**Q** 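For reference, the structure I am asking about is given below.
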Amino acid sequence: MSDPARIEFPCDYPIHVIGERQASFQEDVLHIVRRHAPALDESSVTLRESREGSYCSLRVTIVATGSAQLEALHAELIAHAAVRMVL
């Protein structure tokens with residue numbers, strides 16, 4: 001039986017954040033992401049609204065430096081009131 005795939009750091013790491021559509025959602029999420037990945041490239045950010053317009057998803061690709069960084073980022077994103085899911 002083989003070991004599960006491991007991430008080799010540093011690497012480009014996509015994060016998909018789904019949350020309630022609010023005026024400050026994108027700004028809030030990017031503020032959190034920049035705290036953990038200060039070199040965030042704005043060109044890696046994509047925002048999509050749901051068909052009904054009540055939710056939106058933000059996809060961001062960061063340069064991940066380690067699992068501790070990813071765990072802290074995930075925890076802070078999930079703690080935000082408007083965030084419903086982080087993939």
Side-chain angles (χ1 to χ4, degrees):
M1 187 169 196
S2 64
D3 291 330
R6 294 192 177 259
I7 299 172
E8 292 187 29
F9 298 103
C11 66
D12 287 344
Y13 191 87
I15 301 168
H16 198 149
V17 183
I18 301 167
E20 296 175 14
R21 186 174 164 260
Q22 298 178 351
S24 65
F25 180 76
Q26 181 174 354
E27 181 181 332
D28 292 349
V29 168
L30 292 179
H31 182 75
I32 292 169
V33 170
R34 279 191 197 97
R35 258 199 300 270
H36 298 275
L40 175 66
D41 179 4
E42 292 287 329
S43 69
S44 75
V45 178
T46 305
L47 179 69
R48 289 186 59 193
E49 291 185 14
S50 67
R51 190 173 310 156
E52 299 81 24
S54 52
Y55 291 94
C56 61
S57 66
L58 189 67
R59 184 171 182 187
V60 180
T61 301
I62 65 166
V63 175
T65 58
S67 58
Q69 173 202 32
L70 294 177
E71 290 169 10
L73 174 55
H74 184 271
E76 190 171 351
L77 287 168
I78 283 295
H80 189 282
V83 173
R84 295 293 166 249
M85 189 181 312
V86 179
L87 306 171

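Every value quoted in this text rests on a predicted model; they were computed, and no experiment measured them.
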**Q** With distance as the sole test, does Glu20 use its side chain to make a donor-acceptor pair with the main-chain N or O of Arg84 at under 3.5 Å?
**A** no
**Q** Nearest 0.5 Å, what's the CG-CG distance between Leu40 and Leu30?
**A** 6.0 Å
**Q** First locate atom CG of Leu47, then atom CZ of Arg21, and finally report the distance between them rounded to the nearest 0.5 Å.
**A** 9.5 Å
**Q** Just verifying a value: how many Å separate His16 NE2 and Leu58 CG, rounded to the nearest 0.5 Å?
**A**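 If I round to the nearest 0.5 Å, the distance is 8.0 Å.
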**Q** Do Val63 and Leu70 belong together in a cluster built from hydrophobic side chains that touch within less than 4.5 Å?
**A**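 Result: no, two separate clusters.
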**Q** Among the clusters formed by ILVMFWY side chains lying less than 4.5 Å apart, do Ile62 and Val45 turn up in the same one?
**A** yes
**Q** Taking all atoms of both residues into account, what is the closest heavy-atom pair of Phe25 and Ile18, and its distance?
**A** CZ-C, 4.1 Å
**Q** Going by heavy atoms in the side chains, are Thr65 and Phe9 under 4.5 Å from each other?
**A** no
**Q** Are Val33 and Val17 close enough that some pair of their side-chain heavy atoms sits under 4.5 Å apart?
**A** no
**Q** Calculate, to the nearest 0.5 Å, the distance between atoms CG and CE belonging to Leu77 and Met85 respectively.
**A**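 Interatomic distance, Leu77 CG to Met85 CE, rounded to 0.5 Å: 13.5 Å.
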**Q** Of the non-hydrogen atoms in Cys11 and Ile7, which two are nearest, and what is the gap between them?
**A** SG-CG2, 3.4 Å
**Q** Can you find a pair of side-chain heavy atoms, one from Leu73 and one from Val86, that are under 4.5 Å apart?
**A** no
**Q** Roughly how far, to the nearest 0.5 Å, is CD1 of Ile78 from CD1 of Ile32?
**A** 10.0 Å
**Q** If every non-hydrogen atom of Gln69 is compared with every non-hydrogen atom of His36, which pair is closest and at what distance?
**A** NE2-O, 2.8 Å
**Q** Would you compute the distance between atom OG of Ser54 and atom CD of Gln22 and round it to the nearest 0.5 angstrom?
**A**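 It is 11.5 Å, given to the nearest 0.5 Å.
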**Q** Measure from the side-chain N and O atoms of Ser24 to the backbone N and O of Asp28, and report whether any donor-acceptor pair falls under 3.5 Å.
**A**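 Absent.
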